[in-house]
Amino acid sequence: MSYKVTIIPGDGIGPEVADATKAVINATGLEIEWIEKHAGAEMVNRHGTPLPDETLDAIKENRFALKGPIGTPIGTGFRSVNVELRKRLDLYANFRPAKTIPGIKTRHEDVDLIVIRENTEGLYSGLEHMVVPGIVESQRVITEKGSERIIQAAFKIARRYNRKKVTVVHKANILKMSDGLFLEVAREVSRQYPQIEYDEAIVDATAMKLVMDPSQFDVLVMENLFGDIISDLTSGLIGGLGVAPSANLGDDYAVFEAVHGSAPDIAGKGVANPTALLLSGALMLQQMGEPDAAERIRKAVTKVIGEGKRTTMDLGGPCNTKEYVEALIEAME
Ligand code: NAI
């Protein structure tokens with residue numbers, strides 16, 4: 001079986017971690033044709049847009065894409081390519097597993113959580129306007145349809161990964177109408193999955209409980225902004241953004257990406273840690289129907305990081321990106 005995957009290297013350390021990821025995935029022996037396309041600030045000069053049609057078309061054609069980080073100007077400039085991609089491809093579910101990697105020192109052992117974040121609505125709908133100078137309004141959009149499909153996605157993922165509980169995270173005590181609707185839909189959907197425990201938790205208390213005892217949660221589902229923050233918190237529980245994979249899933253397409261940014265401070269130095277994009281690649285292989293290759297990559301990561309001798313510098317090791325990739329390929333069974 002051969003596959004075509006669109007790869008968008010991105011900005012900063014993006015090309016370095018993308019090359020590393022391709023090398024390890026290729027070492028599994030899978031036949032993958034990588035179709036390289038681009039997005040980001042440089043495309044604005046060349047195509048007048050940070051997200052050229054040819055990039056979008058390639059993702060649509062190949063259905064699976066692996067994407068490096070893309071920088072977003074703060075305050076002004078073009079809209080985030082990441083947000084734009086999620087909207088244009090209707091990638092409504094952000095899937096963020098957080099599982100302990102032995103060898104990385106963290107506050108808790110055996111963390112094993114999945115955060116599902118709604119990706120297209122909430123405060124990230126991009127609806128902002130100035131009422132009068134000095135007063136700006138942002139609209140937080142919660143719809144019945146958007147809530148239903150993200151809660152369904154959470155329960156389906158819980159079922160597929162044999163998870164026991166889904167916790168709906170909200171702030172319906174304050175945001176009575178919007179999060180009230182989200183909860184109402186969640187309760188309704190949960191009835192279709194009687195074999196999975198259903199729970200509700202207020203977002204601020206959830207943040208505290210996750211820091212103190214993450215084992216009380218299993219799958220967590222929430223709207224966009226809450227999910228953005230809580231999923232970074234759960235990444236912190238397993239060692240930070242350098243090792244946290246993610247997937248943006250829709251009904252038709254899937255874009256897999258690391259959670260970290262373009263790390264301009266270390267870009268071009270050849271020292272970036274590619275683990276997050278590589279584990280996102282493993283999620284992609286799983287989704288493509290290649291669970292064995294995905295598992296070999298995960299095991300190699302666990303082995304090399306667990307031994308701790310040939311990791312990248314951000315994890316306290318002596319290796320640059322290339323040396324770490326060599327260690328991973330040697331460790332692959
Ligand atoms: P960042 O994640 O790029 O960097 C934060 C810190 O973590 C830096 O010290 C960096 O060196 C380190 N770091 C990040 N990834 C690393 C890796 N793989 N290996 C080793 N060290 C790593 O976050 P920052 O500085 O807030 O954002 C920089 C740019 O990235 C911004 O333009 C932002 O918009 C963009 N960004 C893009 C994302 C995406 O495309 N999904 C996500 C987050 C930020």
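Any value given below was found using the heavy atoms of this structure, including those in side chains, with hydrogens, waters and symmetry copies removed. Numbering of ligands and ligand atoms starts at 1, following listing order. Treat the numbers as computed from the prediction; the structure is a model and nothing was measured.
Note that OG of Ser246 is 5.0 Å distant from CG of Asn94, once rounded to the nearest 0.5 Å. Between the CD atom in Gln192 and the CZ atom in Phe155 there is a gap of 9.0 Å [rounded to 0.5 Å]. Here Thr100 contributes atom OG1 and Ile238 contributes atom CD1; the two are 7.0 Å apart, rounded to the nearest 0.5 Å. The structure places CH2 of Trp34 at 4.0 Å from CD1 of Ile25, a figure rounded to the nearest 0.5 Å. Glu36 CD to Asp19 CG: the interatomic distance, rounded to the nearest 0.5 Å, is 7.5 Å.
For atom 31 (C) of ligand 1, the nearest non-hydrogen atom from the set Ala258, Gly40, Gly71 comes from Gly71.
Within the 4.0 Å heavy-atom cutoff, Val259 counts among the residues contacting ligand 1. Between Ala276 and ligand 1 there is no heavy-atom distance shorter than 4.0 Å. Ligand 1 lies less than 4.0 angstrom from a heavy atom belonging to Lys67.
Distance from atom 34 (O) of ligand 1 to its nearest protein heavy atom, with residue and atom name: Thr72 N, 3.1 Å. Counting protein heavy atoms only, atom 40 (O) of ligand 1 is closest to Ile70 N, 2.8 Å. The protein heavy-atom contact nearest to atom 18 (N) of ligand 1 is Asn273 O, 2.8 Å. If you check which protein heavy atom lies closest to atom 16 (C) of ligand 1, you get Ile13 CD1, 3.9 Å. In terms of protein heavy-atom proximity, atom 13 (N) of ligand 1 is closest to Ala263 CB, 4.0 Å. Nearest protein heavy-atom neighbour of atom 29 (C) of ligand 1: Ser262 OG, 3.2 Å. Among protein heavy atoms, atom 9 (O) of ligand 1 sits closest to Asp265 OD2, 2.9 Å. Summary of contacts: the protein heavy atom closest to atom 41 (N) of ligand 1 is Glu257 OE1, 3.3 Å.
Within the 3.5 Å criterion, the main-chain N or O of Ala65 finds no donor-acceptor partner in the side chain of Thr6. A distance-only check finds a donor-acceptor pair linking the side chain of Thr55 to the backbone of His38 [under 3.5 Å].
The proximity of Asn82 to ligand 1, defined as any non-hydrogen pair under 4.0 Å, is limited to the side chain. When heavy-atom distances to ligand 1 are checked against a 4.0 Å cut-off, Ile266 comes that close only through its side chain, counted from C-beta outward. Neither the backbone nor the side chain of Ser80 comes within contact range of ligand 1; no heavy atom lies under 4.0 Å.
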Practice task
Please step through side-chain hydrogen bond (donor to acceptor under 3.5 Å, both in side chains) for the pair Tyr92 and Asp251, ending with a clear verdict.
Solution key: CA-CA 9 Å; Tyr92 59 86; Asp251 292 332; 2.8 Å; yes
Exercise for the section: Apply side chain to side chain contact (heavy atoms under 4.5 Å, CB included) to the pair Lys99 and Arg298, showing each step before the final yes or no. Expected result: CA-CA 11 Å; Lys99 190 167 169 28; Arg298 280 194 213 103; over 6 Å; no
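Ligand 1 has no N or O atom lying under 3.5 Å from any N or O atom of Asp314, backbone or side chain. At least one N or O atom of Gly261, backbone or side chain, sits closer than 3.5 Å to an N or O atom of ligand 1. For a threshold of 3.5 Å applied to N or O pairs, the pair formed by Leu241 and ligand 1 contains no separation below that value.
Here is the list of ligand 1 atoms found below 4.0 Å of a heavy atom in Pro264: 28 (C). In summary, the atoms of ligand 1 found under 4.0 Å from a heavy atom of Pro69, numbered by their order in the structure, are 39 (C), 40 (O).
With no hydrogens or angles considered, a side-chain donor-acceptor pair links Arg140 and Ser178 at under 3.5 Å. For the residue pair Glu121 and Thr143, a side-chain donor N or O sits within less than 3.5 Å of a side-chain acceptor on the partner. In this structure, a donor-acceptor pair under 3.5 Å is absent between the side chains of Tyr124 and Asn119. Looking at Ser138 and Glu128, their side chains do bring a donor and an acceptor atom within 3.5 Å of each other.
The aromatic ring centres of Phe95 and Tyr161 sit less than 6.0 Å apart.
There is a protein heavy atom less than 4.0 angstrom from atom 44 (C) of ligand 1. Distance check on atom 26 (O) of ligand 1: every protein heavy atom falls at or beyond the 4.0 Å cut-off. Atom 38 (C) of ligand 1 lies below 4.0 Å from at least one non-hydrogen atom of the protein.
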